[in-house]
Amino acid sequence: MKKRRARILTLPLLAISALILLAGCMNTDVADYSGEGTNMEVYCFSAGKADSFLITTENSAVLIDTGLKGFGGDVLEYLKQKGIEKIDYLIITHFDKDHVGGAAKIINSICVDNVLQNNSPKDSSAYTKYLSAVSNAAITPVTVTETYCFELDGVGYVIDASGSEKYKDKTSNNCSLIVSVLNGENKLLFAGDIESERICEFIDSNSTRYDLLKVPHHGVYDAFTGFLIESVGPRYAVITSSDEEPESDETIAALEGAGVQVFTTRTAPVKVESDGVNISVRYE
């Protein structure tokens, strides 16, 4: 099977603004990104009230979060089905167990080239197992404390770090890394579990319209949910929830009221396909 290889910071020379953005991360505004784009697929796992997303192109694989303990096996099985032998980047948005729980099994079982993590460690068994796994694999995770950018196979990634290491409320959630995935004209936003304070930080600096929003915190309604939707302006939204712990009705109402088509992973896995111009979202 074809082994996937990383191609870092190799955006087309014609995409000058994209090159400046990704090579230097000179600002966090991704509105002017103009990479050429490629065929890209995003698989949003049905992981219960937990996050795990696999972003693939012909020559790259990026995994955002790993679900709860035990879900790493599901991710590995899907990677095997797809013929993926390596993860170029594993991004742990934050260390709550429903985001990092499956990480140890994945890191212990498949080659992971790079790991990005947030700046808010937790005293938990899931975090301890994660630390042991990266140590055993001789991986030095990068703790993202300022905007971090990379490019793989024509797709740009901009990771927005939290503005603080401590928040008045919900520090772990608010320290989530926010990931922008940029494929040509298509832009996707993965907002971790951010809540009011961090949503306000993001809105204050955002001028980008995104095609898709991964709704933060499993669709739990926040006082600033409507403002986030207005700022991002998505056509599609994905919510990670479960039948036992569904998303808030108020969140669905806010999204649908803004004309957003909503998909929930409690219904089925969600697949996103983009060629850099066109984007489609459907249940798998």
Side-chain angles (χ1 to χ4, degrees), residues 4-11 21-25 28 30 40 42 44-45 50-57 60-67 72 75 79 84 86-108 110-122 124 126-153 155-165 171-183 188-194 198 201-202 214 216:
R4 300 179 182 273
R5 296 178 298 170
R7 292 163 48 194
I8 300 175
L9 297 177
T10 56
L11 283 172
L21 172 65
L22 293 176
C25 276
T28 59
V30 300
M40 179 186 78
V42 182
C44 309
F45 288 93
D51 279 16
S52 190
F53 308 95
L54 179 67
I55 302 159
T56 56
T57 64
S60 72
V62 174
L63 183 65
I64 302 176
D65 290 331
T66 63
V75 175
L79 294 173
I84 297 172
K86 184 182 73 167
I87 295 173
D88 295 295
Y89 277 83
L90 169 60
I91 303 171
I92 304 296
T93 62
H94 62 299
F95 291 116
D96 285 0
K97 62 183 181 180
D98 54 330
H99 293 256
V100 73
K105 185 173 183 64
I106 292 167
I107 294 167
N108 288 330
I110 192 172
C111 177
V112 177
D113 275 355
N114 304 277
V115 177
L116 305 180
Q117 62 185 23
N118 81 339
N119 62 352
S120 182
K122 294 196 75 171
S124 70
Y127 180 63
T128 299
K129 290 177 180 178
Y130 160 78
L131 290 180
S132 178
V134 294
S135 176
N136 292 339
I139 298 170
T140 302
V142 174
T143 299
V144 181
T145 57
E146 58 185 21
T147 306
Y148 186 103
C149 310
F150 63 92
E151 186 269 342
L152 287 170
D153 205 24
V155 178
Y157 295 81
V158 179
I159 292 87
D160 180 36
S162 60
S164 175
E165 294 182 8
T171 288
S172 181
N173 284 349
N174 277 318
C175 282
S176 294
L177 299 177
I178 300 172
V179 184
S180 294
V181 179
L182 315 172
N183 184 35
L188 293 72
L189 185 69
F190 295 83
D193 277 358
I194 62 173
R198 186 75 187 286
E201 285 181 3
F202 177 81
K214 196 293 292 189

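The chain is numbered in sequence order, starting from 1. These figures come from a predicted structure and were not determined experimentally.
For the residue pair Asp153/Thr57, the side-chain donor-acceptor check at 3.5 Å is satisfied. Under 3.5 Å, the side chains of Ser172 and Asp96 contain a donor-acceptor pair of N or O atoms. Defined by atom type and a distance below 3.5 Å, a donor-acceptor pair is present between the side-chain atoms of Thr93 and Asp65.
Within the 4.5 Å cutoff, the side chain of Leu116 has no heavy atoms near those of the Val179 side chain. Between Ile64 and Asp51, every side-chain heavy-atom pair lies at or beyond the 4.5 Å cut-off. Two residues are said to be in side-chain contact when any heavy atoms from C-beta on lie closer than 4.5 Å; Val112 and Leu63 fail this criterion. When side chains are defined from C-beta on, Phe190 does not count as touching Leu177, because their heavy atoms never get closer than 4.5 Å. At least one side-chain heavy atom of Tyr157 sits under 4.5 Å from a side-chain heavy atom of Val181. Counting heavy atoms from C-beta on, the side chains of Val75 and Ser52 come closer than 4.5 Å. Between Leu182 and Val158, some side-chain heavy-atom pair lies under the 4.5 Å cut-off.
Here the straight-line distance linking atom CG of Asp160 with atom CG of Leu189 works out to 9.0 Å at 0.5 Å rounding. Interatomic distance, Asp88 CG to Ile55 CD1, rounded to the nearest 0.5 Å: 11.5 Å. Annotation: the span from Lys129 atom NZ to Lys105 atom NZ amounts to 11.0 Å, rounded to 0.5 Å. Considering OG of Ser176 and CG of Asn119, their distance stands at 10.0 Å, rounded to 0.5 Å. Distance check, rounded to the nearest 0.5 Å: CG of Leu188 to CG of Asn183 gives 8.5 Å. Interatomic distance, His94 NE2 to Ile194 CD1, rounded to the nearest 0.5 Å: 11.0 Å.
When every heavy atom of Lys214 is checked against every heavy atom of Gly192, the shortest pair comes out as NZ-O, 2.7 Å. When all heavy atoms of Asp193 and Asn173 are compared, the pair lying nearest together is O-CB, 3.1 Å. Across every non-hydrogen atom of Cys175 and Arg198, the tightest pair is C-NH1, 3.7 Å. The shortest non-hydrogen separation linking Tyr89 to Ile87 is O-CG2, 3.2 Å. In terms of heavy atoms, Thr171 sits closest to Glu165 at CG2-O, 3.5 Å.
The aromatic ring centroids of Phe95 and Tyr130 lie less than 6.0 Å from each other.
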Name each donor-acceptor pair under 3.5 Å that joins a side chain in residues 133-146 to protein atoms two or more places apart or in another chain, with its distance.
from: Asn136; atom 1: ND2; to: Ser132; atom 2: O; distance (Å): 3.2
from: Thr143; atom 1: OG1; to: Gln117; atom 2: NE2; distance (Å): 2.9

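Annotation: side chain to side chain contact (heavy atoms under 4.5 Å, CB included) contacts of Thr128 (sequence neighbours excluded): none.
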